[in-house]
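One structure is given below, encoded as structure tokens.
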Amino acid sequence: MNPTEIADALEEIAARPFDGGEFPFAFAAAMGSPQATVSKLRSGTINKSKVPGAVLMNRKFYAMVTEPGAVDQGLSMIRSDKKTTTHKPAILLATDGVDLSAEHVASGDSLHIKFADLHHHFGFFLPAAGMSRYKAAEENEVDVKAAGRLAKLYDALLKKNPDWKTPERRHDLNQLMTRLIFCMFAEDVGIFDNNLFSRLIFTHAGDKGEEAQSCIASAFAAMNLPKGQRQNLPAWADAFPYVNGGLFADTLDVPKFDRGAYRYLQDACQLDWQEINPDIFGSMIQSVADPDKRSELGMHYTSVPNILKVLGPLFLDDLDEQIEKAGDSRKAQARVLKRIEGIRVFDPACGSGNFLVVAYRELRAREMRVLERLAQLDGGASAQMFSGVRLANFYGIEITDFAAETAKLALFIAEYQANARFGEMFGNTAPALPLRDGGNIVCDNALRLDWEGVCPPPGENEEVFIAGNPPFVGFNSRTPAQSEDMRFLLADRLKSFERLDLVICWFIKAADYIRGRAGAGALVSTNSIAQGVTVNILWPEVLREGIRIHFAHRPFMWSNNAAKNAAVSCVVVGISSSRTGQSIIFDGELRKDANNINGYLLDAPDVTVAQKGRPIFPLPKMDVGSIARDEGNLIFSETERNQLVSEHPEAAPFIRRYMGAREVAQGLVRYCLWAETNELDDVRRFPPLAKRLDAVAKFRSESDAQVTRDAAAVPHRFGQITGKGVPKKSAILMPRTSSSRRPYLPVELVGSDVVASADCQIIFDPPDWCFAILASKLQWCWVSTVSGRMKNDFRYSSTLCWHVFPIPRFTEDQLEALNASARAILKTRYMHHPKTIAQLYDPDDMPDDLREVHRQNDELLETMYIGRPFRNDTERLERLFKLYAARIEKLKKEEAPKRMVKSNG
DNA sequence: GATCCGACACGAG
DNA sequence: CTCGTGTCGGATC
């Protein structure tokens, strides 16, 4: 069951006469319980409640039918029932058939409604169906329902007209859908006479819709012809006004309707389309044309607050300031008006147009404010009939046809709604019909297209603002076509880009568009563009020849009203070709003026850190741990290992401790098989091990990767071994992924009997002072700035975090002092045995003595940099980046002569 | 729903 | 060849 089906089922219950004995079971069925489950519920076998008239379904809901007027008592009764604690229903609900009260147990939110309105609140009940709450559904009932009904109509039409499934016909079908939506909207808001469209279609199409095809075709044809030119159309079609405006410009085939499709069309017409939100609705009906995404129901739409994170600092805030400053000056206000009329907004990944819709709406709102102010200033003398904000100033590129069509429609609807408000305010408004020119939405691949062909460069008194939320696609999930697009765009420009996110292409293209002319752009992106290796590759290419980052939102968790938010950390980056204007960094609720915003989205010079496979300071090399590539077969839990060793004590030498990030941070214990290349037969002697080796060989031989298939021949060895794989005496382990909440990185020192997994970086047989550096605040600061991230957590990498970590030249004495400091930290940790690193470094619960020894370590180390401890993290980073930049400069100078020699030789 | 890291293919050097 | 990184995530409490 998806949300719309649940809504429909609840509507049916609400429409039927109330039957108290039946209601809980009907509700269970509406929530998607299969008939068999409902029967068991009815017979009492799985009804956990002992209260008469109440039904409790484990983890789903607890519903009670009460005496008339006793709804709230009923609810508090089941709330306090012990069974509620044991069986954890998601929803509590009590009703007497007139009123209904319900409660969402986890959040405590409650609902008090008339029983007959049950279906209007279906979003609230979704947890009873095992779904999480879907706020979009609660707030935008009409949008969800509309999307659901359109999906059914779409499916029914495709079923009846299989030949329409071809890509060419799909466009026609998509256009048909948007025209139908327009008509349904128009007849509900008064663009058409009340119910004009549905009345005429349902009168003339026959009871079963046998004539729907020709009726709709006639209606559309009429709307595309001025009255008086409709001789060839049936007389009834003359009632339609002339609409035109792109939407109806082309003639269009209409598919055949069968009874089902016809009924779904009727259902859709019955909705009150006046209430739909063009921004959200657009995203929702995108899923209509893509059955795979039906269950998502617009999950990835950008919420209005997130859109405003882009549009606000891009130009709306500036406009507001200008309006504010203009004050009582007629001339200044008129100038603002002029500027608003010259603003063009371009979304190169516009989807169903929600950025454009919001931008349009916001511009209209500001225009209204200015007009209002002007009317006050001159007593209405300058009142104007029409808005100067034209849809033609809104440009979009969208790759999927249905979304592109929807975007055009959404803009029309937004325009209509804005005009209606304009009319309310000023008493006059543009006639809704015929539609004027629409937005310039192009259905094409933005990465292949010359953007200037879509949105011509701004002329005199014009500004273009690029805004949008392009797709984030990591290299693992890219389609071949997307990879091709990246190569097409980037092959000649970037040294390595294959592993970067697709989203960077939009930044490159946006920078190209605005470079050398007045312009600005801002895009939502995954935070990976401001972290890790991407920074040094992407930003030097974007931030050249006058482009700067003029505002940025530091990473925030993606969220919209959808039930299951995409779990991704996002940033917004605004780039501009203008040197003037304050740079601003937004961090959560904070807003901070910046001198310069660099690729890490920090207020710092444009230094970006490049990966280095070897240390560029006097530090030992750090490696990534070894990778088993074994489908788990070379790895043993503690129990498995103990069992093996008790059965085959001679196998013990082949078993070693195996440590990943969890083992380091949380003290888990795992083991792995570890043998030398020539020991395959020695390992095979043990039947349990032989079995595992076979599994490894099988798994590897079926791999897509050549290197892994090759490794099938040595199943007793890890698929990728770093160096010798094991230390002589000791090793420092640094988890590759770790929580960023800890005040220090969870580094650990281990003995020789350990194999590090790829979830750890490892320094083999290190001096102790390395530990002191890795455990320092300075290292933490550096890592928090330059490391890659997973969500918001650190991805430690040797190439960015260690090999390039700036240190001063230490004296022998200083190294000795750091050695001692490292041992002091370790000793303090041991005193808290058996507490794990995760427990010891819990930011809320770090022991005082450990805190103190770390403070001393920091003081010792930092004094070696500048003769005293640093005052704050800003000072730490400044110093580190200065040292880094100087070192890179020096290396370049050393490199240059070498290259000369090479090229001469 | 907050928190915290696993495993591997695949590209880069 | 050897080595390192990313993941509009996922498991787990």
Side-chain angles (χ1 to χ4, degrees), chain A residues 106-107 132-133 296 299-302 469-478 483 495-503 524-529 531-534 537 557-560 562-571 611-614 621-635 658-666 668 670 699-700 703-711 718-723 725 735-742 746 757-762 787-803 836-838 841-843:
Chain A
S107 68
S132 41
R133 283 179 76 190
E296 297 178 10
M299 209 173 86
H300 282 136
Y301 79 91
T302 317
N469 180 358
F472 320 157
V473 190
F475 81 95
N476 279 336
S477 33
R478 224 171 273 150
S483 300
K495 53 178 173 6
S496 55
F497 55 84
E498 299 270 359
R499 315 189 54 92
L500 308 191
D501 198 290
L502 180 71
V503 76
V524 184
S525 165
T526 157
N527 66 349
S528 72
I529 65 155
Q531 275 142 7
V533 289
T534 309
I537 301 170
M557 287 313 286
W558 180 256
S559 75
N560 59 28
K564 197 179 148 211
N565 276 314
V568 58
S569 177
C570 293
V571 295
Q611 295 173 275
K612 292 285 177 199
R614 306 204 153 269
K621 187 172 183 307
M622 182 186 277
D623 297 285
V624 70
S626 299
I627 306 176
R629 298 198 222 273
D630 64 337
E631 213 185 17
N633 290 298
L634 296 177
I635 313 301
Y658 176 67
M659 294 187 79
R662 271 207 162 88
E663 284 68 33
V664 170
Q666 297 174 24
L668 301 192
R670 279 199 295 175
F699 168 74
R700 289 188 184 163
S703 167
D704 285 339
Q706 183 63 50
V707 281
T708 305
R709 288 199 299 276
D710 292 346
F718 272 33
Q720 177 173 325
I721 297 171
T722 304
R736 282 210 55 224
T737 330
S738 65
S739 166
S740 57
R741 289 174 67 246
R742 296 183 189 122
S757 85
D759 297 317
C760 276
Q761 304 273 129
I762 180 166
S787 82
R789 300 262 176 153
M790 183 160 203
K791 294 260 176 57
N792 196 33
D793 298 323
F794 298 143
R795 288 293 278 162
Y796 194 94
S797 69
S798 57
T799 58
L800 287 171
C801 302
W802 181 245
H803 294 162
T836 63
I837 289 183
Y841 290 88
D842 182 333

Looking only at side-chain atoms of [X], point me to the closest of [options].
X      : options             : answer
A/V533 : C/dC1, C/dG6, B/dC4 : C/dG6
A/R670 : C/dG4, B/dC4, B/dA7 : B/dA7
A/A665 : B/dC5, C/dT7, C/dG4 : B/dC5

Qualifying residues under ring pair (Phe, Tyr, Trp, His ring centres under 6.0 Å), relative to A/F718, sequence neighbours excluded: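 Ring pair (Phe, Tyr, Trp, His ring centres under 6.0 Å) list for A/F718, sorted by chain: A/Y658, A/W674.
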Kindly write out the residues that satisfy side chain to side chain contact (heavy atoms under 4.5 Å, CB included) with [X], not counting sequence neighbours, or none if the list is empty.
X      : result
A/E498 : A/R487
A/T708 : A/R629, A/R700, A/S703, A/A705
A/D501 : A/F472, A/V503, A/T526, A/S528
A/T737 : A/M790, A/R795

Quick one: is [N] close enough that its OP1 or OP2 comes under 4.0 Å of any side-chain N or O from [X]?
X      : N     : value
A/T722 : C/dT2 : no
A/K621 : C/dG4 : yes
A/Q666 : B/dC5 : yes
A/S739 : B/dC4 : yes

Contact state string [nucleotides 8-13 of chain B, B base, S sugar-phosphate only, - no protein heavy atom under 4.0 Å]: BBBSS-
Euclidean distance for C1', C/dG10 against C/dG6 (whole angstrom):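 My reading of the C1' atoms in C/dG10 and C/dG6 gives 15 Å.
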Euclidean distance for P, B/dC8 against C/dT12 (whole angstrom):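 16 Å, rounded to whole Å.
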Those residues that, when tested against A/S798, pass side chain to side chain donor-acceptor pair (under 3.5 Å) (two or more places apart):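 A/S798 satisfies side chain to side chain donor-acceptor pair (under 3.5 Å) with A/Q761 once adjacent residues are dropped.
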Residues that A/K621 engages under side chain to side chain donor-acceptor pair (under 3.5 Å), provided they are two or more places apart: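 For A/K621 the side chain to side chain donor-acceptor pair (under 3.5 Å) partners, ignoring immediate neighbours, are A/D623.
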Point-to-point distance, once rounded to the nearest 0.5 Å, from CH2 of A/W802 to OG of A/S797: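 Rounded to the nearest 0.5 Å, the CH2-OG separation comes to 13.0 Å.
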Intra- and interstrand pairs of DNA chain C - dot-bracket, Watson-Crick/G-U under 3.5 Å, | marks other strand: |||||||.|||||
